[in-house]
Structures are given as C-alpha cells and as structure tokens.
Protein chains: 2
Amino acid sequence: MVTNQIREILKDKNLKITPQRVSILETVFSLKNHPNAQQIIDAVHKKNPNISVGTIYKTLDTFVENGVISKVRHTDETSRYDWRTDNHHHLYVEDDNQIVDYINDELNLLLEDFFRRNRIPGFEIKSVKVHINGNYIQE
Amino acid sequence: MVTNQIREILKDKNLKITPQRVSILETVFSLKNHPNAQQIIDAVHKKNPNISVGTIYKTLDTFVENGVISKVRHTDETSRYDWRTDNHHHLYVEDDNQIVDYINDELNLLLEDFFRRNRIPGFEIKSVKVHINGNYIQE
DNA sequence: TTATCAGTTAGGAATAGTTACTATATAATA
DNA sequence: TATTATATAGTAACTATTCCTAACTGATAA
C-alpha cells in the first residue's frame with residue numbers, strides 16, 4: 001500500500017492527514033493477521049520512535065470509528081461469565097452493552113453440517129459460536 | 001438453586017467445598033445474563049463483604065477451568081485490530097492465541113438465509129460473526 | 001475426635017493495558 | 001500567511017486483573 005493511497009483513504013473520511021496517521025495506518029496495513037495494540041506500537045516505533053503511545057491508541061480509535069479499520073472485538077472488553085456451559089450463541093446488544101443467550105437447534109445443525117462438508121485443512125474445530133451484533137428497536 | 005445442589009456440583013468436580021466457593025457460585029447462578037467480574041464481586045460482597053476480590057477472581061478461574069461455568073470470551077483479552085472491514089469470520093487458534101481470517105461466501109449466504117427465516121423479535125441485526133475455536137493439528 | 005497437610009483465603013502490592021489531561025504544535029482554510 | 005480547530009507528545013491516572021505470602025481451613029485418616 002503506497003503512501004498516496006493511504007492519504008486518499010484519510011481524505012475520503014475527512015480525517016486530517018498527519019504524518020502520524022499515515023505512518024500508523026501504513027503499519028496496520030503492513031502487519032498481517034490481527035495485531036494487537038502493542039504489536040502496532042512496536043512496529044510504528046521501529047520507524048518513528050517519537051510517535052507517542054497515547055497518539056497511537058487515539059488514532060486507532062479514530063480509524064475504527066470511521067470504518068478505516070475494524071476491531072475484532074466490538075463489545076466491551078471485560079470478561080463476562082456464563083452459567084451455561086452448553087453450546088449456545090449470543091446476541092451482542094451494542095446500545096447497552098448487554099449479552100443475551102441465543103439458543104437455536106436448527107442453527108447448531110446447520111453449522112455442524114456446514115463444517116462437516118467444509119473441513120478446514122489441518123484445523124481441528126473445538127466449538128463454533130455465532131456472535132449476533134445489533135440492537136433492540138422500539139417501535 | 002439450593003446450597004446443597006451447589007455443594008454437589010463442587011463435589012462432582014473434586015473441588016474443596018468452602019463457604020467462599022459456595023457463595024460465589026450461588027451468586028453467579030443467581031445473576032442472570034452474563035455478569036462481569038465486577039458485578040459478581042458486588043453481588044458477593046452484599047452478602048459476604050469479607051470475601052476478598054482476589055479470591056473471587058481466583059475462584060471464578062477455577063470454576064471456568066473445571067467447566068462449572070464458562071467465560072463468554074475465551075481468547076486473550078487485549079483488543080485486536082483488523083485491516084479488513086468486509087464481512088468475514090475468524091478462526092481462534094487457542095494454542096498460540098492467533099486469529100486467522102475465515103472467508104467463505106457459502107457460509108455468509110447460509111447465515112443470511114437462516115436469519116431472514118428466523119427473525120429475532122424486536123432485534124435488528126447489524127452483523128453476524130462466526131467464531132471458530134480450535135487448534136491446528138500436526139500429523 | 002483430633003492431627004495433619006495440601007489447598008484455600010485475605011489483603012495488599014504489583015502489573016498491564018488503556019485512557020485522560022494539557023500545553024504545544026500543526027494541517028486545512030481562506 | 002494568518003487563523004483556527006484539531007492533533008500530538010509526554011506523562012499521570014485509572015481499571016481490571018494477577019501476584020504474593022502469611023494465616024487459615026476442609027478433607028482425610030488414625
């Protein structure tokens with residue numbers, strides 16, 4: 001990804017083009033496979049050691065907010081506990097940060113069948129969980 | 001859930017039955033809807049203010065390890081970023097804490113069709129993500 | 001019932017990841 | 001080029017969780 005393309009992307013989103021943002025976005029694109037913040041920080045600092053950690057966090061947030069990149073995990077980050085230990089799925093209610101059980105046998109069968117037909121080479125599946133993100137609507 | 005049932009559960013798992021464990025497990029069962037640690041701590045402290053926070057964390061871990069309860073989130077807890085913003089899914093490789101993209105149009109169609117046929121009353125779905133948990137096997 | 005001991009707990013210190021703060025700097029604009 | 005709103009550096013603060021250790025206790029077996 002060339003610097004000019006990066007600048008385009010920022011411009012399209014009406015984000016001010018700063019050297020820090022360009023560098024951080026370049027880095028995220030260059031890193032494969034879902035880096036965490038620390039990995040991004042390290043990689044950015046290799047090229048520009050003077051970009052501050054706070055800026056990197058803030059910039060990543062800005063990018064996520066504007067759909068330039070995404071976060072693998074959308075809901076809040078504290079661990080949640082679940083008294084159910086059977087195979088079930090979850091609704092992630094974005095507005096109020098709630099998690100609701102979603103139990104549906106047809107969905108389980110559907111997934112079971114799909115992954116039986118579509119084995120992932122060399123990968124042993126332990127469980128498959130569907131995350132349904134959205135919101136309750138009041139009409 | 002009666003205290004005796006709680007004691008049964010702990011006994012089945014060969015866990016020492018302590019007042020702290022009984023109280024914490026009772027609390028988790030009594031709280032609906034995926035409490036986080038803080039909510040559990042607060043609820044436990046309402047009845048037993050002298051159970052220490054460290055104990056509660058440790059006990060919850062023990063319960064999860066022994067399959068008494070589960071954690072909604074299994075992989076590591078730091079945020080991961082993703083340069084892809086299109087609809088795709090993830091393999092969660094447990095052994096080495098890696099996240100790998102899983103892109104499959106058939107799966108997307110399957111899910112789209114399923115949720116079109118199975119609307120969730122009052123809930124507007126924004127996105128559906130499949131989390132495939134497991135490990136790579138070397139043969 | 002009591003003695004033993006491995007496992008558990010309380011309480012506080014330490015840590016890691018992230019966010020907040022603020023004075024200074026700078027990109028976009030007119 | 002001057003203006004202004006926004007972004008940045010550097011650091012302090014915060015939050016969730018883990019670590020540490022001396023004291024304690026449930027389970028077991030005599």
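Each chain gets a letter, A, B and so on, in the order the sequences are listed, and its residues count up from 1.
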**Tyr92(B) versus Phe123(A), closest heavy-atom pair with distance** = O-CZ, 4.2 Å
**Item:** Asp113(A) (side chain) donor-acceptor with Leu109(A) (main chain) under 3.5 angstrom
**Value:** no
**Asked** Please walk me through it: do Arg21(B) and Thr62(B) pass side-chain contact (heavy atoms from CB on, under 4.5 Å)?
**Response** CA-CA 10 Å; Arg21(B) 286 181 174 172; Thr62(B) 306; 4.3 Å; yes
**Prompt:** How large an angle, rounded to 10°, do the end axes of the helix from dT1(C)-dA30(D) to dA30(C)-dT1(D) enclose when each is built from five base pairs?
**Reply:** 40°
**Item:** Nearest to side-chain heavy atoms of Tyr57(B), which nucleotide of dA28(C), dT17(D), dT19(C)
**Value:** dT17(D)
**Interatomic distance where CD belongs to Gln39(B) and P belongs to dT15(D) [whole Å]** = 16 Å
**Fill in**
All heavy atoms of Ile125(A) vs all of Ile120(A), minimum pair found to be CD1-CD1, 4.2 Å
**Prompt:** Do Val28(B) and Val68(B) touch side chain to side chain, with heavy atoms closer than 4.5 Å?
**Reply:** no
**Request:** May I ask you to check whether His131(A) and His131(B) place their ring centers less than 6.0 Å from one another?
**Result:** yes
**Item:** Working for side chain to side chain donor-acceptor pair (under 3.5 Å), residues Thr55(A) and Ser52(A)
**Value:** CA-CA 5 Å; Thr55(A) 299; Ser52(A) 90; 3.0 Å; yes
**Asked** Is it true that Lys46(A) and Asp42(A) have a side-chain N and a carboxylate O under 4.0 angstrom from each other?
**Response** no
**Request:** Mind telling me whether Phe115(A) and Tyr102(B) have parallel, tilted or perpendicular rings, with 30° and 60° as the class edges?
**Result:** tilted
**Prompt:** Could you state the CD1-P distance from Ile41(A) to dT18(C), rounded to the nearest angstrom?
**Reply:** 8 Å
**Asked** Once you round it to whole Å, what is the distance between C1' of dG10(D) and NE2 of His45(A)?
**Response** 11 Å
Contacts under 3.5 Å, N or O only, protein and nucleotides 28-30 of chain D:
none

**Item:** Contact letters for nucleotides 7-15 of chain C, in which S counts primed atoms plus P, OP1 and OP2 and B counts the base, heavy atoms under 4.0 Å
**Value:** SSSBB----
**Message:** Distance check needed: dA7(D) P versus Asn48(A) CG, whole Å only.
**Reply:** 19 Å
**Complete:** Taken to the nearest 0.5 Å, the spacing of Thr59(B) OG1 from Leu15(B) CG works out to 9.5 Å
**Request:** Using whole Å, report how far CG of Asn36(B) lies from P of dA16(D).
**Result:** 8 Å
**side chain to side chain donor-acceptor pair (under 3.5 Å) between Asp101(A) and His89(A), intermediate numbers included** = CA-CA 6 Å; Asp101(A) 287 329; His89(A) 308 286; over 6 Å; no
**Fill in**
To the nearest angstrom, the CG-P distance between Asp61(A) and dT18(C) comes to 10 Å
